[in-house]
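One structure is given here, and the rest of the page talks about it.
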Amino acid sequence: MNKVFPQGENGYTAAEPKAHPGGEAGGGHLCCSRRGACLSASLLLLLATVAALIALVTILGLPSRTPGAQACITLTNRTGFLCHDQRSCIPASGVCDGIRTCTHGEDEDESLCRDVPQSLPHFLVAHCGDPASWIYSDQKCDGTNNCGDCSDELSPVTVCPPCGPGWWRCPSTFFKYCDCIPRHLCRDHVQHCSDWSDEYACPGP
């Protein structure tokens with residue numbers, strides 16, 4: 001059956017209101033409301049993500065921008081730490097000693113010194129006979145009992161070259177030395193070797 005629409009006073013037929021998506025004439029306003037809600041939710045999610053990142057950076061700190069630590073050889077032929085100027089080589093034992101030796105202070109950087117020795121590069125660390133003890137790598141084979149049990153000077157833990165020209169080889173009676181004593185201690189009328197060779201055989205400095 002054909003639907004008849006009443007005619008207006010001017011003879012034209014009144015048009016029937018068009019249906020909008022959503023089933024109501026005001027559906028356009030509803031769609032706009034939903035779109036605005038979606039945009040608000042997305043904005044809130046973005047702000048929450050930014051806030052979480054800021055909190056994470058605050059807790060963990062910014063990543064270090066300094067280049068990785070590099071080894072070098074000091075003028076005394078010992079293992080050293082290369083400063084970021086790529087010229088200065090400081091002794092391994094000068095790292096994390098509380099004194100900024102490198103121009104920019106990278107030898108005292110928090111990333112290096114926060115958990116010594118675990119935070120130190122492997123080339124700066126030498127282990128003693130006691131697994132709980134450690135020394136700086138430039139303190140190994142330097143003639144001095146740095147480990148306290150001479151494991152940094154004697155085998156089987158450490159293999160060191162023979163006593164240098166400024167040293168006299170003998171079993172030391174002093175805790176400070178192990179297998180060698182400095183020649184300047186020879187013939188000083190004090191026993192430094194258990195066999196007294198520092199007073200009778202050592203030619204002195």
Side-chain angles (χ1 to χ4, degrees), residues 66-205:
T66 56
Q70 299 181 47
C72 57
I73 301 298
T74 65
L75 295 176
T76 57
N77 201 32
R78 294 281 172 180
T79 301
F81 175 86
L82 185 64
C83 297
H84 292 166
D85 61 11
Q86 298 296 306
R87 295 189 305 272
S88 305
C89 182
I90 67 172
S93 52
V95 177
C96 299
D97 64 348
I99 302 173
R100 293 179 178 269
T101 307
C102 292
T103 303
H104 302 291
E106 54 269 25
D107 54 307
E108 300 298 319
D109 191 86
E110 182 185 358
S111 62
L112 281 177
C113 308
R114 68 159 60 101
D115 187 21
V116 174
Q118 286 79 11
S119 56
L120 292 173
H122 67 88
F123 64 83
L124 293 177
V125 178
H127 296 283
C128 299
D130 178 0
S133 300
W134 68 278
I135 59 173
Y136 284 99
S137 53
D138 65 330
Q139 296 174 323
K140 183 174 66 173
C141 297
D142 66 349
T144 304
N145 181 16
N146 296 292
C147 282
D149 59 0
C150 283
S151 58
D152 55 311
E153 301 295 319
L154 304 176
S155 60
V157 177
T158 307
V159 179
C160 297
C163 300
W167 297 77
W168 174 255
R169 186 176 183 84
C170 74
S172 175
T173 59
F174 278 66
F175 177 80
K176 182 178 180 180
Y177 304 109
C178 298
D179 227 18
C180 306
I181 65 167
R183 281 182 179 268
H184 68 79
L185 296 178
C186 292
R187 300 186 181 273
D188 64 350
H189 307 292
V190 177
Q191 181 187 12
H192 296 92
C193 298
S194 60
D195 58 4
W196 285 89
S197 62
D198 57 310
E199 295 301 311
Y200 297 106
C202 177

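Computed from a prediction, not measured in an experiment: that's the story for all the values here. No hydrogens, no waters, no symmetry mates; every other heavy atom, side chains included, goes into these values.
Partners of Asp97 according to the side chain to side chain donor-acceptor pair (under 3.5 Å) rule, which considers only residues two or more places apart in sequence or in another chain, do not exist here. For Cys102, the side chain to side chain contact (heavy atoms under 4.5 Å, CB included) partners two or more places apart in sequence, or in a different chain, are Phe81, Cys83, Ile90, Glu106, Asp107. For the ring pair (Phe, Tyr, Trp, His ring centres under 6.0 Å) test, residues two or more places apart in sequence or in another chain that qualify with Trp134 are Tyr136. Listed by chain and number, the residues in a side chain to side chain donor-acceptor pair (under 3.5 Å) with Asp85 are Ser88 (sequence neighbours excluded). Partners of Thr74 according to the side chain to side chain donor-acceptor pair (under 3.5 Å) rule, which considers only residues two or more places apart in sequence or in another chain, are Thr76. In this structure, the side chain to side chain donor-acceptor pair (under 3.5 Å) partners of Ser93, at least two apart in sequence or on a different chain, are Asp138. The side chain to side chain contact (heavy atoms under 4.5 Å, CB included) check on Ser197 picks up Trp168, Cys170, Cys193, Asp195, Ala201, with sequence neighbours excluded.
Nearest heavy-atom pair, Val190 versus Glu199, reported as atom, atom and distance to 0.1 Å: O-OE2, 2.9 Å. When every heavy atom of Trp167 is checked against every heavy atom of Pro182, the shortest pair comes out as CE3-N, 3.4 Å. Here the shortest heavy-atom pairing between Gly98 and Glu108 reads N-OE1, 3.1 Å.
Separating the CG atom in Leu82 from the CD1 atom in Ile73 is a distance of 11.0 Å, to the nearest 0.5 Å. Leu75 CG to Cys89 SG: the interatomic distance, rounded to the nearest 0.5 Å, is 7.5 Å. From Cys72, atom SG reaches atom CD of Gln86 across 9.5 Å, with rounding to the nearest 0.5 Å.
For residues 170-182, the set of pairs meeting the side-chain hydrogen bond (donor to acceptor under 3.5 Å, both in side chains) definition, not counting sequence neighbours, comprises Arg169-Asp179. Every pair passing side-chain hydrogen bond (donor to acceptor under 3.5 Å, both in side chains) that includes a residue from residues 181-194 is listed here, sequence neighbours excluded: His192-Asp198.
Residue Cys96 is tested with Leu124, Val116, Asp109 for a side-chain contact (heavy atoms from CB on, under 4.5 Å); the sole match is Val116.
Panel note: side chain Arg78, backbone Lys140; a donor-acceptor pair is recorded below 3.5 Å. A donor-acceptor pair is defined here as one N or O able to donate and one able to accept, closer than 3.5 Å; no such pair exists between the side chain of Asn145 and the backbone of Cys178.
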With a cut-off of 3.5 Å and sequence neighbours excluded, list every side-chain donor-acceptor pair involving residues 150-158.
unit_1	atom_1	unit_2	atom_2	d
Ser151	OG	Gly129	N	2.8
Ser151	OG	Asp149	OD1	2.6
Ser151	OG	Asp149	OD2	3.4
Asp152	OD1	Cys147	N	3.3
Asp152	OD2	Asn146	N	3.1
Asp152	OD2	Asn146	ND2	3.4
Glu153	OE1	Gly143	N	2.9
Glu153	OE2	Cys141	N	3.1
Glu153	OE2	Asp142	N	3.1
Glu153	OE2	Gly143	N	3.4
Thr158	OG1	Ser151	O	2.6

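Within 6.0 Å of the CD atom in Gln118, the count of heavy atoms belonging to other residues, nucleotides or ligands exceeds 12.
In this structure, Leu112 and Pro121 have side chains that are in contact, with non-hydrogen atoms separated by less than 4.5 Å.
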